[in-house]
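Encoded as structure tokens, the structure appears first; notes follow it.
All residue numbers in this chain count up from 1 along the given sequence.
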Amino acid sequence: WSISPLGRAPERTAGNLPIGFEDDTAYFEPAERWVLGRLMAAPAALRDAPDLATCRYVTWRHLLQGRGPGLVSVWHPSFLTLLVEAARAEPDRLLHDLRHGALSPPEPLPLALHARLSQGLVPDPARAEALAARLREGPWRGCDLLPDLALISCWTEGAAARALPALQALFPGVEVQGKGLLATEGVVSVPLLGHPGALPALTSHFLEFVPVDDAGARPRLVDALEDGASYEVLLTTGGGLYRYALRDVVEVVGRLGRVPLLGFRGRAGLVSDLVGEKLAAVFVEGVLGRVLTAHALGGRFAMLAPAGVEAPPGYELYVAGTLDHEGVERLTVALELGLRENPHYAYARALGQLRAARVVPVGADAEARYVAGCVALGQRAGDVKPTPLHRVAGWRERLVGAASP
């Protein structure tokens with residue numbers, strides 16, 4: 001059950017208050033934390049591992065002890081596929097450690113941390129031999145490493161849906177359940193197996209829904225929602241403390257009895273969120289303003305957008321102007337540094353869930369091509385506005401004439 005970021009040093013505010021929790025059980029009451037601490041597959045001390053590669057290795061070393069967990073819960077599907085890739089990269093080391101009850105990550109650990117992370121690890125030569133035999137047949141799949149895994153909980157809607165085929169190929173036969181819609185402020189919907197969408201959390205919070213196509217309309221209650229329609233969610237917590245405009249958009253995708261089932265469709269407003277990076281247009285505008293001005297490209301057409309279908313996904317900056325190879329390289333470095341000022345983007349890059357952004361020079365007719373592209377997407381030409389960020393992929397083909405690699 002992975003919620004908190006891996007491989008991050010502890011942070012504190014200017015007032016010396018801790019940022020985030022020491023481990024994921026801190027979300028619960030003391031008695032529940034005690035129980036959960038004995039159910040988790042990896043030790044809480046994993047939070048002190050110095051880097052992501054070590055985190056992933058130590059995670060696998062503990063997951064392979066015995067037959068592993070029956071439930072894995074992560075946010076984005078690529079978190080788990082990247083974890084499997086990490087095991088594939090170190091098969092001999094993992095087999096040696098499993099056979100001898102050892103822990104020897106690629107980078108040495110401080111002695112005290114090594115002692116804490118090694119607790120509970122014992123030799124398992126039979127399991128090591130079974131995995132070695134499977135490895136001789138080809139690369140490990142996730143189901144080879146976690147044979148008792150019955151359920152994966154992760155995002156399955158919105159941009160995350162594109163990552164599901166890779167996950168399902170690694171874990172054939174394992175049930176994948178969407179998470180419904182969760183926000184820091186509260187639970188909006190609860191997932192169900194065997195049904196489209198998720199049930200609104202009617203007995204937990206007071207939910208209201210604003211029609212997406214009429215932001216000035218009065219909010220509707222759940223019994224007034226229409227099939228196929230999309231709404232922004234307003235949530236008042238069960239404690240009645242506040243009324244939050246979550247900016248999450250849901251669509252009514254079915255019904256269970258009289259209760260509508262909700263599917264998550266994305267974030268209202270101009271925010272691109274492929275794997276959790278949460279790039280907002282206002283932030284991107286600031287980055288482009290600084291970067292382009294520094295490279296004498298201020299005032300040119302420039303737009304950041306998701307690249308074409310690829311794994312892992314990433315972004316491309318389309319900028320008008322004559323740039324040689326060296327100029328593209330310099331601009332690419334500056335762009336990546338600017339985008340990494342967003343901690344969510346920086347973390348997705350560190351995990352390998354996003355690849356580095358690319359710079360794509362476009363011609364002087366980029367503005368006209370942009371308008372034509374927006375019209376092709378269904379927008380009225382008179383309503384087209386320049387934007388620093390577009391959430392739709394495929395702009396290389398529209399602006400240059402060649403599809404993204």
Side-chain angles (χ1 to χ4, degrees), residues 1-5 13 17-37 39-40 71-76 151-158 160 177-212 214-227 229-269 271 273 276 278 344:
W1 175 18
S2 181
I3 295 175
S4 299
T13 67
L17 296 175
I19 298 175
F21 293 136
E22 286 191 348
D23 66 78
D24 292 339
T25 64
Y27 283 89
F28 297 90
E29 297 296 329
E32 295 169 325
R33 292 187 66 182
W34 184 88
V35 173
L36 286 171
L39 291 176
M40 301 292 271
L71 162 70
V72 169
S73 175
V74 296
W75 291 124
H76 197 274
L151 181 68
I152 297 171
S153 171
C154 64
W155 291 334
T156 58
E157 299 175 303
Q177 183 183 54
K179 288 188 175 295
L181 178 53
L182 303 173
T184 303
E185 297 81 3
V187 177
V188 176
S189 61
V190 181
L192 295 175
L193 290 175
H195 295 276
L199 276 174
L202 294 174
T203 61
S204 299
H205 305 293
F206 184 72
L207 299 172
E208 302 167 87
F209 301 86
V210 180
V212 167
D214 188 1
R218 288 177 60 84
R220 301 183 182 186
L221 300 185
V222 70
D223 61 311
L225 302 186
E226 300 176 1
D227 292 349
S230 297
Y231 303 89
E232 288 188 40
V233 181
L234 303 179
L235 181 147
T236 303
T237 67
L241 297 179
Y242 209 77
R243 187 172 183 238
Y244 298 95
L246 299 180
R247 306 308 308 276
D248 289 314
V249 176
V250 296
E251 179 186 351
V252 178
V253 296
R255 292 187 179 267
L256 186 63
R258 293 188 301 153
V259 182
L261 297 171
L262 307 177
F264 174 69
R265 291 299 173 260
R267 297 279 293 169
V271 176
D273 196 11
K278 301 177 178 66
H344 301 293

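In this structure, the salt bridge (charged side-chain N to carboxylate O under 4.0 Å, His left out) partners of Glu226, at least two apart in sequence or on a different chain, are Arg220. With sequence neighbours excluded, no residue forms a ring-ring contact (aromatic ring centres under 6.0 Å, His included) with Phe206.
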Name every donor-acceptor pair, under 3.5 Å, that has one atom in a side chain of residues 249-266 and the other anywhere in the protein, sequence neighbours excluded.
residue	atom	partner	partner atom	Å
Glu251	OE1	Arg265	NE	2.8
Arg255	NE	Asp227	OD1	2.8
Arg255	NH1	Arg258	O	3.2
Arg255	NH2	Leu225	O	2.7
Arg255	NH2	Asp227	OD1	3.2

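Taking every heavy atom of both residues into account, Ala201 and Leu207 meet most closely at N-CD1, 3.9 Å. Contact between Arg218 and Pro211 at its shortest, heavy atoms only, is O-CD, 4.3 Å. Across Leu221 and Phe209, no two heavy atoms sit closer than the pair C-CD1, 4.4 Å. Across Lys179 and Ser153, no two heavy atoms sit closer than the pair NZ-OG, 2.9 Å. When all heavy atoms are compared, the tightest approach of Gly276 to His344 is O-CB, 3.4 Å.
Looking at heavy atoms from C-beta onward, Leu246 lies out of side-chain contact with Leu234 at the 4.5 angstrom threshold. Counting heavy atoms from C-beta on, the side chains of Leu36 and Trp1 come closer than 4.5 Å. Between Ser204 and Val187, the closest side-chain pair of non-hydrogen atoms is not below 4.5 Å. Counting only heavy atoms from C-beta outward, the side chains of Val222 and Tyr231 never approach each other to under 4.5 Å.
Within the structure, no pair that satisfies the salt bridge (Lys or Arg N to Asp or Glu O under 4.0 Å) test touches residues 184-204, not counting sequence neighbours. Contacts classified as side-chain hydrogen bond (donor to acceptor under 3.5 Å, both in side chains) and involving residues 238-247 (residues at least two apart or in different chains) are given here: Glu208-Arg243, Glu232-Arg247. A salt bridge (Lys or Arg N to Asp or Glu O under 4.0 Å) check over residues 186-198, counting only residues at least two apart or in different chains, returns nothing.
Ser189 places no side-chain N or O within 3.5 Å of a backbone atom of Gly180 that could act as its donor or acceptor partner.
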